[in-house]
Amino acid sequence: MEILVCVKRVPTVGGAITLTADSRAIDTRASGFAISPHEECAVEEAVRLAGRFGGAVTVVSLGPAEAEEQLRGCLALGASAAVLVETAAGAETGPMATAAALHSVAAAGAFDLILLGNEASDTGGYQVGIRLAHLLGWPAATGAKAITVADDGLSLLASRSYRGVTEAFTLPLPCVVTVKEGINLPRYPSLPGRLRAKRAAVKRIPVAADGPVPAGDFRMTRLRVPDAPRKQATVLGQGSAAVPALVAVLAELGVIS
Amino acid sequence: MTVWCLVELDGDAVADASLRALTLARGLLPDTAAGSGVAAVVFGAPPLGDLAAYGAADVYVVSGVDGYAPRAWARVLAGLLGPAAESTGAGRTGGPRPAVVAAGTEHGNEVLAHLGAITGLPMAANCVAVSASGGGKLDLVRQRWAGLLLEEAVLDAPAALLTVATDAVAPAPATAAGAAVVHEISAAVSDADLLVRAVESPGGPSGVSLATARVVVGGGRGVGSAEGFAPLEELAELLGGVVGVSRVVTSEGWRPHSMQVGQTGTKITPDLYLACGISGAIQHFAGCSGARHIIAINTDASAPMMTRADYAVVGDLHEVLPALVKALRDRV
Ligand SMILES: Cc1cc2nc3c(=O)[nH]c(=O)nc-3n(C[C@H](O)[C@H](O)[C@H](O)COP(=O)(O)OP(=O)(O)OC[C@H]3O[C@@H](n4cnc5c(N)ncnc54)[C@H](O)[C@@H]3O)c2cc1C
Ligand SMILES: Nc1ncnc2c1ncn2[C@@H]1O[C@H](COP(=O)(O)O)[C@@H](O)[C@H]1O
């Protein structure tokens with residue numbers, strides 16, 4: 001089974017989000033970068049499926065040259081090939097253009113399954129997987145918390161829970177499935193995996209200049225951190241000496257009678 | 001010009017997230033168009049009273065699609081939107097343009113992404129505010145990073161496809177009820193549109209009790225091990241609540257992901273969140289900022305969870321929690 005996994009390089013924001021002076025991007029001078037937890041799980045799921053059915057896992061990212069770092073991280077987890085569709089530094093590519101670029105890579109291979117995250121953790125567009133599926137003419141399922149591929153490898157069952165109900169979707173292969181964290185527990189990269197990833201080749205291709213003309217324009221003008229209500233925590237005390245005060249607060253909040 | 005709103009049902013009622021979508025959708029109607037209203041689209045039995053109260057002038061009741069089939073639902077919306085969506089570039093009028101609005105739920109986001117792919121239109125997920133900016137354009141504000149960051153944007157498209165964040169726009173009935181005139185339509189969809197459809201079964205692993213619990217006792221890396229959760233579970237039981245955890249806890253395999261609170265876990269809205277050994281990363285706050293009160297227990301008084309809580313106890317949770325459990329047991 002040939003599997004393609006799409007991963008996006010995003011900043012790892014920890015305690016707070018700081019913006020650049022023009023408020024058009026996150027200030028990443030002090031932050032690291034990673035792929036989203038959903039996508040880590042997509043890579044893990046792909047590696048497990050390839051282990052069971054044979055075949056290889058290819059990872060693809062649309063992003064700046066530095067996204068090679070994230071692709072190598074995926075190689076260390078067991079992917080065997082990586083493709084970087086390189087964009088100019090600092091450029092933000094919208095979901096439609098992203099899907100088109102990923103489509104060019106997907107269509108050039110012979111994949112049975114394409115996995116993505118349900119949503120990118122930074123922009124949260126909730127659509128690249130579905131747009132990619134339409135470009136390929138393949139069926140799609142989203143938000144999967146479990147994927148079961150039939151023994152014959154011809155179809156799969158993708159399921160999730162929604163409003164307390166389990167929804168199961170059966171899809172013939174080839175298909176596109178977007179997944180959510182929790183579908184599996186991703187492994188840590190092994191030392192041999194990391195060494196292999198260091199030496200592996202990452203194929204770089206430039207992003208196509210003439211994408212499809214979209215039927216509309218969506219343009220970010222500015223980013224803004226919402227105001228958090230500023231609270232001043234009341235310190236109830238140190239260690240178990242704080243317990244009587246803690247009990248009093250629980251009673252005051254009506255949590256205990 | 002019509003503003004369509006895909007309405008989801010929760011049992012016999014309009015889903016809360018769809019009430020929010022209807023509220024935002026109404027704001028897209030031009031004030032001048034007297035008697036105009038939102039056109040609700042429902043796959044199922046329409047709760048007409050609620051729809052009228054939320055300003056639905058028309059209610060399109062769709063038959064011919066059995067259950068949830070995202071691409072088929074999108075195809076129906078594309079049919080209703082009609083040729084309006086196809087006029088690109090120069091064909092656009094300067095006046096108000098049609099829109100399709102849905103809730104920012106798994107279903108709403110999924111159906112609108114399909115609609116975006118079918119029509120070639122941009123889709124903006126999880127909007128929190130929208131207003132006309134002249135020339136048929138829309139100014140909108142949408143959530144990034146699960147609401148930790150807001151994006152201001154301009155949408156210039158023949159039709160607007162928007163979903164509405166489930167936790168930002170407060171549901172508000174219309175000042176004047178809509179007529180809620182029912183139009184029965186049958187779906188014109190292909191077999192390919194119906195290929196992917198949900199087969200539903202009850203229950204399964206879900207974050208339901210965590211999402212709705214009145215008290216959540218949270219545990220993070222500071223708990224130290226799977227076994228370390230014993231006092232948290234005991235306390236949760238005493239308080240009639242449940243245990244929630246940080247991502248470190250699920251990554252370590254100490255507890256399953258269904259218990260994770262945060263951006264990629266469950267959003268909780270308890271009366272009390274008692275966060276123990278959790279630093280308070282913003283992705284964790286994305287899931288617990290809806291808590292009415294937060295008490296933090298942490299060895300580090302400067303951890304963000306400690307400074308953003310209502311009450312803080314500086315100390316080792318393995319000392320404080322057993323003492324608290326004992327004190328609560330001694331009370332009765
Ligand atoms: C895209 C993305 C999505 C994410 N989604 C989520 C999410 O959904 N949920 C989530 O939780 N995280 C999420 N994270 C991870 C998040 O950034 C943090 O890494 C995580 O929340 C930290 O967990 P923690 O607070 O348990 O651990 P730490 O940050 O390591 O904090 C542990 C805390 O415990 C305290 N402590 C240690 N020992 C004790 C003791 N004995 N008694 C009391 N206190 C003690 C320490 O002082 C410290 O403050 C996400 C990250 C990314 C990049
Ligand atoms: N630049 C990118 N490169 C590779 N994959 C991407 C990129 N952007 C988005 N994706 C994939 O599409 C998913 C959904 O993204 P979005 O629709 O933008 O929220 C992500 O979780 C990724 O798997």
Side-chain angles (χ1 to χ4, degrees), chain A residues 13-17 37-38 96 121-127 130-131 134 139-143 160-169 171 180-182 185 214-226 228 231 233-240 242-244 246-247 249 253 255-256, chain B residues 10 88 106 109-110 113-114 116-117 119-126 143-146 148-158 195-196 198-202 204-206 208 215 239 253 257 264 271-272 281-282 293 304 306-315 319-320 323-324 327-328:
Chain A
V13 291
I17 293 182
H38 298 328
M96 289 199 272
S121 54
D122 59 345
T123 48
Y126 289 84
Q127 54 191 280
I130 288 172
R131 289 191 187 270
H134 279 256
T142 67
R160 66 180 178 199
S161 112
Y162 189 60
R163 292 193 205 291
V165 169
T166 301
E167 293 185 329
F169 300 87
L171 285 75
K180 276 192 160 179
E181 187 182 39
L185 193 55
D217 186 41
F218 181 85
R219 197 153 298 197
M220 179 262 285
T221 48
R222 187 172 88 98
L223 301 176
R224 163 159 71 82
V225 179
K231 283 184 185 168
T234 307
V235 179
L236 297 176
Q238 308 271 336
S240 46
V243 166
L246 200 46
V247 173
V249 166
L253 298 180
V255 176
I256 52 173
Chain B
D10 195 353
T88 52
E106 278 92 334
N109 283 328
E110 182 173 40
H114 276 287
T119 58
L121 291 164
M123 188 280 264
N126 296 323
Q143 294 180 339
R144 288 189 176 196
W145 289 98
L148 297 167
L149 186 62
L150 296 174
E151 169 183 9
E152 296 178 0
V154 178
L155 176 65
D156 184 7
L195 182 65
V196 179
V199 174
E200 296 187 355
S201 56
S206 73
V208 172
V215 175
L239 301 178
H257 183 270
T264 50
D271 290 331
L272 173 64
I282 57 172
H293 302 283
M306 294 285 274
T307 53
R308 288 184 63 180
D310 299 280
Y311 301 96
V313 174
V314 186
E319 179 198 333
V320 179
L324 176 59
L328 292 176

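Keep in mind it's a predicted model, so treat the numbers as computed, not measured. Chain letters run A, B, ... following the sequence lines, proteins first and then strands; every chain starts at 1.
- At most 12 non-hydrogen atoms from other residues, nucleotides or ligands lie less than 6.0 angstrom from CZ of A:R219.
- Smallest separation of non-hydrogen atoms from B:V313 and A:A242: CG1-CB, 3.7 Å.
- Only the side chain of A:L253 comes within less than 4.5 Å of a heavy atom in chain B; its backbone stays farther off.
- The side-chain heavy atoms of B:D310 and A:T234, taken from C-beta on, include no pair separated by under 4.5 Å.
- Interface remark: A:M96 contributes side-chain atoms only to the contact with chain B (heavy atom separation under 4.5 Å).
- Looking at B:L272, the atoms closer than 4.5 Å to chain A (heavy atoms on both sides) all sit in the side chain, from C-beta outward.
- Contact annotation for A:V249: only side-chain heavy atoms (C-beta onward) come within less than 4.5 Å of a heavy atom of chain B.
- Interface residue B:L328: only side-chain heavy atoms are found under 4.5 Å from chain A.
- Considering B:E110, B:E200, B:E106 as possible partners of A:R160, the one that fulfils the salt bridge (charged side-chain N to carboxylate O under 4.0 Å, His left out) test is B:E110.
- Both the backbone and the side chain of A:Y126 come within contact range of chain B, with heavy atoms under 4.5 Å apart.
- Here B:A312 is the residue among B:G315, B:P304, B:A312 with the most heavy-atom pairs under 4.5 Å with chain A.
- If you take CG on B:N126 and OG1 on A:T123, they are separated by 11.0 Å, rounding to the nearest 0.5 Å.
- In this structure, CE on A:M220 lies 6.0 Å from CD on B:E151, to the nearest 0.5 angstrom.
- The parts of B:H114 that come within reach of chain A are both its backbone and its side chain, each placing non-hydrogen atoms under 4.5 angstrom from that chain.
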B:L324 and A:V247: side chain to side chain contact (heavy atoms under 4.5 Å, CB included), yes or no, with the steps?
CA-CA 7 Å; B:L324 176 59; A:V247 173; 3.8 Å; yes
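- Side chain to side chain, B:E319 and A:S240 meet the donor-acceptor criterion of an N or O pair below 3.5 Å.
- Distance check, rounded to the nearest 0.5 Å: CD1 of A:I17 to CZ of B:R144 gives 10.0 Å.
- Interface remark: B:V320 contributes backbone and side-chain atoms alike to the contact with chain A (heavy atom separation under 4.5 Å).
- Across B:G116, B:P122, B:A124, B:A309, the residue that shares the most heavy-atom pairs under 4.5 angstrom with chain A is B:P122.
- The two residues B:P158 and A:G216 make their nearest non-hydrogen contact at CD-CA, 4.3 Å.
- In terms of heavy-atom pairs under 4.5 Å with chain B, the best-connected choice from A:D122, A:L246, A:I256, A:L171 is A:D122.
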For side chain to side chain contact (heavy atoms under 4.5 Å, CB included), just list the numbers for B:L149 and A:V225, CA-CA rounded to whole Å, side-chain angles, deciding distance to a tenth of an Å, and then say yes or no.
CA-CA 5 Å; B:L149 186 62; A:V225 179; 3.9 Å; yes
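- The most heavy-atom pairs under 4.5 Å with chain B, out of A:H134, A:E167, A:Q238, A:E181, come from A:E181.
- Highest contact tally toward chain B, considering only A:P244, A:G237, A:G143, is held by A:G237 [criterion: heavy-atom pairs under 4.5 Å].
- Listed options A:G125, A:P226, A:P139, A:G124 were ranked by heavy-atom pairs under 4.5 angstrom with chain B; first place goes to A:P226.
- With a 4.5 angstrom heavy-atom cutoff, A:L236 touches chain B via backbone and side-chain atoms both.
- With respect to chain A, the highest number of heavy-atom pairs below 4.5 Å among B:L148, B:D271, B:D10 belongs to B:L148.
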